[in-house]
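Quick note on labels: first sequence line is chain A, next is B, and so on, each numbered from 1. The structure presented is a predicted model; accordingly, all values stated were derived computationally and were not measured. Scope of the values below: all heavy atoms of this structure, side chains included, with no hydrogens, waters or symmetry mates.
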Protein chains: 2
Amino acid sequence: MAQQKPVERHSGVSLWRQIADRIRVSIADGEFRETGRLPPAFDLAERFGVNRHTVRAALAFLAEEGLVESIQGHGTIIKGGRQLTLPISKRTRFSAGVGDQASSVTTRLLRSGELQASAEVAAQLQIAPEQLVIEVEESGYVDGRPVSCSQHFFPADRFPDIARHIAATGSITRAFAACDLPDYLRQSTEVSARHADARERELMHLSPGAIVLETRAINTDLEGRPVQCSRTRFSADRISLRVTA
Amino acid sequence: MAQQKPVERHSGVSLWRQIADRIRVSIADGEFRETGRLPPAFDLAERFGVNRHTVRAALAFLAEEGLVESIQGHGTIIKGGRQLTLPISKRTRFSAGVGDQASSVTTRLLRSGELQASAEVAAQLQIAPEQLVIEVEESGYVDGRPVSCSQHFFPADRFPDIARHIAATGSITRAFAACDLPDYLRQSTEVSARHADARERELMHLSPGAIVLETRAINTDLEGRPVQCSRTRFSADRISLRVTA
DNA sequence: TGTAGTTGTCTAGATTAATAGACAAATACG
DNA sequence: CGTATTTGTCTATTAATCTAGACAACTACA
């Protein structure tokens, strides 16, 4: 159990935090799949070159995330950590994309309303800035665990009842169908990564400093007219994106 | 100068570090473009709800990164920090993608060699696991600042001299052309985000805790046979990705 | 039942991070 | 030249993080 990569001091990130982050990726990489549990805290401490108490702080943090559970006298078992892959293509739909990787995929409508389009939204929807748009905020769950939160904007003149249909059907695809739009295409997706803010952490049960993958997407009808623009944040620990040309 | 979003205590990330990260994204968003410099340290301290000394620690950190420079009696001027967008499509090429956003785009060959394909690489290149592949490692620079580092794998039987051509031409596109492959397509790109490891931080001059966008891509010839698979890490502070369907 | 292995808890001390205030030093500008 | 503005440096104090060691509590297993 020699120490592999030493932990960094005076980096502005506490040691327990660095250790928690590294254990999290080790779990995601399947490093402890054989045993299903972590090495003893004493061994981990030696491996990272820190005190056992520091490792314990890291494990407590991961336990609060629900990723591991420590049992006195037994060890620290791994409770989750599988990462899902969401395909992004011309026909990207959230539930269909991860549907075969999990037993339950749901979305929950958080909020909806009507407002004047901001400059950015207007440009993406190709409408005038003062026109009305419907805003819908929802979050996505896989096997009961929150993995994403989104804001969607629709042109209000074309889809005045979209929010009601989303609430009724629980799906944007089905809501579009109810608005006489049976099919639509993903025009573009812009991907970036950053630290989660307070609201995202609350919605997705993330720890401070967690990373989100943010996508900004535009969907169009088959004639190429924008019907929706969206901003979705995924928990980077749980989701990766597969872009297909 | 009211405080906007309070800084988080007891998160495992020191306050100066959080403040440095937030100032960095503000700069990237062009928030201080008008003046070309940051507000006085005293105002920043009030804005983030911390002591001036804590803000000074953050500014010293950003100064070490080369992003800002503090001048006594004058203020703290901004020296860089624009964020670039890299398009990802069927015809993704690094230098062409960001070429019009910067005055200088270069890549540097770090290493190349021949080895047996790993299971993952073999699957992506659709070859047998024991077959030989050429591995090429390079880093990408925009205006002299490192923004990416990549590993590329090529089937050795089809492109035995690719490493030499890359070294000679400084471009994978031109190296393929020299190997009688004038055109190729991006089949798929998988995007994920995580914290940078030690080597990535060294190559891209990142601070501990920095975020990288990681892409795993497969390129094919016009018949759909894989000619290259790659793993590229971008500094998320400097690069975002635009996916075009 | 006993022993090895493992996590939980406690105390104490050392190091690092953050706050607070005062004043020096440089710049900009009337 | 003088004044306001802004960064640089110093000291002191408080709070948070990490280390160190000892021992209790629980589990598994021979």
Within this structure, what is the CD1-to-C1' distance between A:I19 and D:dT19, rounded to whole angstrom?
12 Å
For C:dT7, does OP1 or OP2 lie under 4.0 Å from any side-chain N or O of A:T76?
yes
Using the closest heavy atom to pick a nucleotide of DNA chain C for each, name whichever of A:L38 or A:G12 lands nearer the 5' end.
A:L38
Give a yes or no on whether a salt bridge exists between B:E138 and B:R108, defined as a side-chain N under 4.0 angstrom from a carboxylate O.
no
Are any of the side-chain nitrogens in A:R37 or A:E69 under 4.0 Å away from the carboxylate oxygens of its partner?
no
Using whole Å, what does the distance between atom P of nucleotide C:dA18 and atom CG of B:L44 come to?
16 Å
Taking B:R22's backbone N and O only, do any of them form a donor-acceptor pair with B:S26's side chain (distance below 3.5 Å, no angle check)?
yes
List the steps, then state whether side chain to side chain contact (heavy atoms under 4.5 Å, CB included) holds for B:R231 with B:R233.
CA-CA 7 Å; B:R231 178 166 159 262; B:R233 287 84 82 202; 3.8 Å; yes
May I have the distance from A:W16 (atom CH2) to D:dA16 (atom P), rounded to whole angstrom?
13 Å
Could you give the CZ-to-P distance, from B:F42 to D:dT7, as a whole number of Å?
12 Å
Is any side-chain N or O of A:T54 closer than 4.0 Å to OP1 or OP2 of D:dT19?
yes
In plain terms, say whether B:R47 and B:E31 are close enough for a salt bridge, that is, a side-chain N and a carboxylate O under 4.0 Å apart.
yes
Check the distance between D:dT7's C1' and B:L59's CG and give it to me in whole angstrom.
10 Å
Establish, from distance only, whether the side-chain atoms of A:Q116 and A:Q131 form a donor-acceptor pair under 3.5 Å.
no
Could you tell me how far apart A:Q18 (CD) and D:dT17 (P) are, to the nearest whole angstrom?
14 Å
Report yes if a side-chain nitrogen or oxygen of B:S14 is closer than 4.0 Å to either non-bridging phosphate oxygen (OP1 or OP2) of C:dT16; otherwise report no.
no
Pick the closest DNA chain D nucleotide for A:L15 and for B:A41 by heavy atoms, then say which residue is nearer the 5' end.
B:A41
Walk me through it: do A:F61 and A:L59 pass the test side chain to side chain contact (heavy atoms under 4.5 Å, CB included)?
CA-CA 5 Å; A:F61 182 71; A:L59 295 181; over 6 Å; no
Output the rounded distance in Å from CZ (A:R56) to C1' (D:dT17).
16 Å
B/S/- contact track for nucleotides 20-30 of chain D, protein heavy atom under 4.0 Å
BBB--BBBS--
